[in-house]
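Some notes on the structure that comes next.
Lettering follows sequence order; numbering is per chain, from 1.
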2 protein chains.
Amino acid sequence: MTTVATKPRNKPATADKIARAARRLLERDGVEGVTMRRVASAVGITPMALYRHYANRDGLLNVLADGGFAELSGRLDTLRLAGAPERQLVKVLDVFLDFAFDDPRMFELMFLTKREGARRFPEDFKSGNSPTANLFARVLTQGMETGHFAKDDVWEIVFETGALLQGLVMLYLGGRVSMRPEEFRAFCHRSFRRYIDGIRS
Amino acid sequence: MTTVATKPRNKPATADKIARAARRLLERDGVEGVTMRRVASAVGITPMALYRHYANRDGLLNVLADGGFAELSGRLDTLRLAGAPERQLVKVLDVFLDFAFDDPRMFELMFLTKREGARRFPEDFKSGNSPTANLFARVLTQGMETGHFAKDDVWEIVFETGALLQGLVMLYLGGRVSMRPEEFRAFCHRSFRRYIDGIRS
DNA sequence: CGAAGAAGTATACAGTGTAAACATGACAAC
DNA sequence: GTTGTCATGTTTACACTGTATACTTCTTCG
């Protein structure tokens with residue numbers, strides 16, 4: 001074989017195929033549906049081959065979650081934020097809700113599942129490691145400077161707003177809310193409004 | 001049958017021993033540590049014998065969770081609520097936090113785990129099936145009548161306050177908060193205060 | 001006594017994640 | 001070329017999980 005033009009070690013290729021297959025399984029069957037055997041079978045390899053590319057199942061799930069955060073971050077970047085800070089915050093909220101509605105399983109993995117290597121409060125927030133938290137903090141800070149919000153600990157508010165949103169969506173995705181998506185969105189808007197009214201000066 | 005004073009079928013005896021053993025396992029190893037084999041071994045019977053007393057693992061976990069709700073309800077009943085509604089709400093918050101600190105695994109099972117038969121919003125709230133929600137709603141209604149809070153949808157506020165609390169505690173128990181318990185409690189107090197200020201008229 | 005029914009056991013099946021050993025193929029150095 | 005190295009993949013196996021099925025054993029009642 002004179003085969004000179006060999007593929008230059010397509011190591012990332014299979015790793016990518018694995019991630020894609022896992023992603024599809026996640027979307028369809030949820031976190032618990034992402035089993036090593038199913039992923040391997042979807043890719044067409046043996047389960048143990050997965051371990052050449054990912055340390056273990058948690059490692060694979062972490063990569064999936066990272067992809068989710070990247071996509072969410074991308075969506076937030078497309079936001080053209082302007083107008084009153086209150087409206088800006090609601091826009092951010094809507095991006096989160098859209099994401100949760102579009103890909104509930106991914107949202108579940110990202111926020112509602114215990115995972116190693118997740119961000120910690122407050123250090124990982126203040127260090128600017130979380131783009132979504134950064135965006136939120138920027139809007140809040142700006143709102144405080146312009147007098148729309150009472151001066152307070154920005155990071156605490158970022159964290160607790162995230163907690164409120166996470167709690168609401170967790171309950172919704174967990175099937176504990178008898179509302180259709182748009183009803184629930186309206187409810188979240190009211191809830192957010194109540195909260196914002198509290199921090200407005 | 002002279003046998004009048006027979007043990008009236010001590011069926012509940014083993015069922016209770018099972019529940020107690022499961023409860024201990026839950027406390028020590030968390031929800032995932034409660035496996036049928038371990039529970040059976042702790043009781044001294046065969047795994048399949050558990051199924052004579054509980055439909056399946058989820059049934060057993062539901063009974064455990066019910067016990068947790070009963071205890072939480074009991075703790076709330078001991079509260080002597082008086083004074084300003086804001087202070088009453090904080091007292092209720094503290095009961096929840098105490099419970100979460102005392103028995104984090106149980107709290108996790110009760111609020112942070114997907115389970116069948118969990119309360120649904122709004123119907124199960126409005127119907128009065130949830131004692132804890134009832135208590136909260138009573139304080140809120142009273143606060144609205146006395147002018148401490150702005151008139152609003154009580155059940156919505158009950159639900160979203162629960163969501164906020166759940167989100168905060170979920171993040172804390174999930175190891176995403178670098179705070180010692182009392183630090184975290186103080187943070188929750190500030191967070192609650194911010195929220196209450198929003199609904200005050 | 002004899003029947004009934006409850007409680008417990010034994011065995012087995014289909015899953016799960018993953019450790020250990022081995023096979024194969026592509027590339028670099030001699 | 002030959003050899004060695006390293007990445008990739010397979011095979012097999014282990015220790016778990018929940019639970020279906022069938023069998024035994026014990027208690028209670030007619």
Side-chain angles (χ1 to χ4, degrees), chain A residues 1-22 25-26 28-65 105 109 113-117, chain B residues 1-23 25-26 28-65 105 108-109 113-117:
Chain A
M1 248 22 52
T2 55
T3 80
V4 183
T6 67
K7 307 145 192 188
R9 211 66 138 180
N10 51 353
K11 170 178 185 174
T14 26
D16 242 47
K17 285 207 293 186
I18 291 171
R20 286 169 186 280
L25 279 173
L26 172 68
R28 272 222 329 246
D29 307 329
V31 189
E32 312 197 337
V34 183
T35 75
M36 300 305 263
R37 282 174 171 83
R38 282 197 219 176
V39 172
S41 146
V43 177
I45 56 181
T46 286
M48 286 313 294
L50 301 178
Y51 292 84
R52 297 289 173 192
H53 305 274
Y54 299 93
N56 49 34
R57 179 168 180 265
D58 279 350
L60 177 54
L61 290 182
N62 273 329
V63 169
L64 285 192
R105 310 301 204 165
L109 171 66
T113 303
K114 272 191 175 179
R115 285 174 27 247
E116 303 290 331
Chain B
M1 58 247 356
T2 55
T3 83
V4 182
T6 66
K7 309 157 191 176
R9 208 62 139 197
N10 53 351
K11 168 178 185 173
T14 26
D16 242 47
K17 285 207 293 185
I18 292 170
R20 286 169 187 281
R23 173 74 211 256
L25 279 174
L26 172 68
R28 271 219 332 244
D29 307 329
V31 188
E32 311 198 338
V34 184
T35 75
M36 301 305 263
R37 282 175 171 82
R38 282 196 218 175
V39 172
S41 146
V43 176
I45 57 181
T46 285
M48 286 314 294
L50 300 178
Y51 292 85
R52 298 288 171 191
H53 304 275
Y54 299 92
N56 49 33
R57 179 168 180 265
D58 279 350
L60 177 55
L61 290 182
N62 273 330
V63 168
L64 286 191
R105 311 300 204 164
E108 197 179 347
L109 170 66
T113 304
K114 272 191 175 180
R115 284 173 28 246
E116 302 290 329

Going through the checks in order, is the side chain to side chain contact (heavy atoms under 4.5 Å, CB included) test met by B:Asp16 and B:Arg20?
CA-CA 6 Å; B:Asp16 242 47; B:Arg20 286 169 187 281; 3.8 Å; yes
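In this structure, B:Glu32 does not pair ionically with A:Lys114, as no charged nitrogen and carboxylate oxygen lie closer than 4.0 Å.
The phosphate of C:dG8 (OP1 or OP2) has a side-chain N or O of B:His53 nearer than 4.0 angstrom.
Atom-to-atom, NZ of B:Lys17 to C1' of C:dA7 comes out at 12 Å; the value is rounded to the nearest Å. Regarding A:Tyr54, its OH atom lies at a distance of 17 Å from the C1' atom of C:dT18, rounded to whole Å. Summarising the geometry, the separation between CD1 on A:Ile45 and C1' on D:dA7 is reported as 13 Å, rounded to the nearest angstrom. One can place CG of B:Leu50 at 13 Å from P of D:dA20, the figure rounded to the nearest angstrom. A:Arg52 has its CZ atom 12 Å from the C1' atom of D:dT11, to the nearest Å.
The CG atom of A:Asp29 sits 7.5 Å away from atom CZ of A:Arg105, with the distance rounded to the nearest 0.5 Å.
Closest approach of A:Ile45 to A:Ala49, counting heavy atoms only: CD1-CB, 3.8 Å. Nearest heavy-atom pair, B:Ala65 versus B:Leu109, reported as atom, atom and distance to 0.1 Å: N-CD2, 3.8 Å. When all heavy atoms of B:Met36 and B:Asn56 are compared, the closest pair comes out as CE-C, 4.1 Å.
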Encode nucleotides 12-19 of chain D as B, S and - characters from 5' to 3', where the letter depends on protein heavy atoms closer than 4.0 Å: B to the base, S only to sugar-phosphate, - to neither.
B----BBB
